[in-house]
Protein chains: 2
Amino acid sequence: MNVLSIAFGAQMTFRSVHRANAQRAINLESDAEGDPLFLRSVARVMQVLNAFNDAHRPLTLSEIATAARIDRSAAQRIVHTLRKLGYIARDDDDRGYMLGLRVLDLTLDFMRLNPLVKRASPILLELRRRVSERVDLSLFDDTRVLYAMRMPSKREAFHATLPGHSVPVYCSSGGVAILARLDDEQARDIVARSDRTPFTAFTMREVEEVMQAVEETRRKGFACLTNQIMNEEVAIGVAITAHDGRPLAAIHIAGSLLEWSKEEFVANFSGLVMEAADAIGS
Amino acid sequence: MNVLSIAFGAQMTFRSVHRANAQRAINLESDAEGDPLFLRSVARVMQVLNAFNDAHRPLTLSEIATAARIDRSAAQRIVHTLRKLGYIARDDDDRGYMLGLRVLDLTLDFMRLNPLVKRASPILLELRRRVSERVDLSLFDDTRVLYAMRMPSKREAFHATLPGHSVPVYCSSGGVAILARLDDEQARDIVARSDRTPFTAFTMREVEEVMQAVEETRRKGFACLTNQIMNEEVAIGVAITAHDGRPLAAIHIAGSLLEWSKEEFVANFSGLVMEAADAIGS
DNA sequence: TATGACTATATCGTTGAGCGATACAGGATA
DNA sequence: TATCCTGTATCGCTCAACGATATAGTCATA
């Protein structure tokens, strides 16, 4: 079992892709400004839980305080309480703090209650049964799409299956399919505000390049992008909308250009993805 | 695409298994009692996020208040703030509250930072490559084990892949493997405190029955249980321990008795699982 | 093995953030 | 139409939490 090489490969991919997961920082002052219902104490709690977002190892109390932009005393009390409740835990070797098991309870509750995930799950599963490519559901969140479910093909690295993983809207097939359901102004604004550091040599760089893909998606009903996030990746995305037409999410099928030409991939799968998106319905 | 029948099946299984996910309620008064570092405000926030635990649809403000055992005013302010921060969202049709997308950021951070998950991932992946049965990693949490990663076999229903899903320690193969690493007193205590409502006609009911399986596990180095959570399921579990021998987690391989006899399953896989657990190491 | 720089943990008097009672508007149900 | 539920908004009082400070344990390094 050649563990090291696999671990290394996984780690690399992970680093390069994590960028999109950087969250908007909570700004206590500006958020609380003129909002009598905004509780600073609540925001502080979430700032502490968020402190782990840009960490790559368990944190000390001071590190948490710095990341959450509160003083050590406040951090001490909040961490103490969250620990008692199971949302923060000490490292197995008692070397630092990390998120606790109960975070996963929230994850499950999110999934269980999200109507979109509920409706999409059986259909995605059926889709996955029919094709042996990767199938996923991603949720729209401003400049990023966030993977809620991912059913990997056998050759995929593990971490890709983690819910919560996200990629920029502008260079993912599902993202572009979502942009195509917005008006040009909104779409352009999202692309413009995105961090457009390229993932590969082929990642789109210009706003207008993206808008062209959006235009094409509107005509065809699906988006098909290649080599955007990873080399040799080809993906087809179709948007899922609310009753009023707002795009909420997208489903994708992703495969490898080593196995398929773009044309073959489209010919084989675009119909299926659209059919599935339709079944999940508005 | 026979969507309905699949959706129905998934729903059924889900209901029957969700029981183990009921969390210990947060008791503000008793937790705060004589602990000057315990912040009631923090606990209230988590009570609100927990309110969704026993919900099966989006909640109204009053329902949240009731579930979180706080008054409507407090719920209003906390929900308002959490919404502004993205941890709570309204239903797509604006009919109720549910958990927001940012919960998934916490999920990913948990997974990313958890040393056990980090170490186990590539090995689980390799294991999954070698066998075509379901492979998973579950984390020990008092009377339950909580699935952190699950790599399903093709025939599995979707929701089974959700992290956060949990089952009782006493009747899961990984759980019994974990119990085997505790002393009898601790193990017996956990089993005794567990809700032992049976899942199938074969689910173990008596404490001593479980302790016998624990004893056998100590001799063999792995636990193999059948028909405990689901009918026709056979699973092998091996514990993963910390440096000091404390059990932290377990990995499993699970298959179907329609394909394997228990003896065949053990002969084929017990070695592999033990090898993998060893590689993840203490 | 002393030094210094970290950790986590504990204490306590002061004060303003948040409590909670109350009021109001819109939508659904009967 | 009346009732009951939503979500939302307002405002003085008060006690929970703040944050400065002190202590003890742990780990390098000299």
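Proteins get letters first, then strands, A, B, ... in listed order; numbering begins at 1 in each. For clarity, every value in this text was computed on a predicted model and none was experimentally measured.
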- Report yes or no: is the cationic atom of B:Arg77 (NZ for Lys, CZ for Arg) closer than 6.0 Å to the six-membered ring centre of A:Phe38, at no more than 45° off its axis? no
| message | Strictly below 4.0 Å: does B:Ser41 bring a side-chain N or O up to OP1 or OP2 of C:dA17? | response | no
Between CG of A:Leu39 and C1' of C:dG20 the distance, given in whole Å, is 13 Å
Of the candidates D:dG7, C:dT11, D:dA17, the side chain of B:Leu61 sits closest to D:dG7
key: Donor-acceptor pair under 3.5 Å, B:Arg72 side chain vs D:dT8 base   = yes
B:His80 NE2 to C:dG20 C1', in whole Å, measures 17 Å
So CZ of A:Arg44 and OG1 of B:Thr81: to nearest 0.5 Å the spacing works out to 11.5 Å
Rounded to whole Å, the CD1-C1' distance (A:Ile64 to C:dC6) equals 16 Å
Between B:Arg83 and D:dT8, is there a contact of a side-chain N or O with OP1 or OP2 at under 4.0 Å?
yes
Taking for A:Asp71 and for B:Thr60 the nucleotide of DNA chain D with the nearest heavy atom, the one nearer the 5' end belongs to B:Thr60
Value for CG (A:Leu116) from CD1 (A:Ile280), rounded to nearest 0.5 Å, stands at 7.0 Å
A:Leu59 atom CG is separated from C:dT7 atom C1', nearest whole Å, by 14 Å
Heavy-atom donor-acceptor pair, A:Arg40 side-chain to C:dG16 base, under 3.5 Å: no
Rounded to whole Å, the CG-P distance (A:Asp94 to D:dG25) equals 15 Å
Q: Tell me, yes or no, whether the heavy-atom count around B:Arg95 atom CZ, taken from other residues, nucleotides or ligands under 6.0 Å, exceeds 12.
A: no
Measure distances between side-chain N and O atoms of A:Ser73 and base N and O atoms of D:dA20, and say whether any donor-acceptor pair falls under 3.5 Å. yes
CG (A:Asn53) and CG (B:Leu108) are apart, to the nearest 0.5 Å, by 8.0 Å
Walking DNA chain C from its 5' end, the first of A:Val42 and A:Arg90 to be reached, judged by nearest nucleotide, is A:Arg90
Between CG of A:Asp93 and P of C:dT7 the distance, given in whole Å, is 18 Å
Separation of D:dA16 atom P from A:Arg77 atom CZ, nearest Å, is 14 Å
note: A:Leu37, atom CG; C:dT22, atom C1'; distance rounded to Å ~ 14 Å
### Message
Taking any heavy-atom pair under 4.0 Å as a contact, classify B:Arg95: base, sugar-phosphate, or nothing.
### Response
nothing
- Measure distances between side-chain N and O atoms of A:Gln76 and base N and O atoms of C:dA8, and say whether any donor-acceptor pair falls under 3.5 Å. no
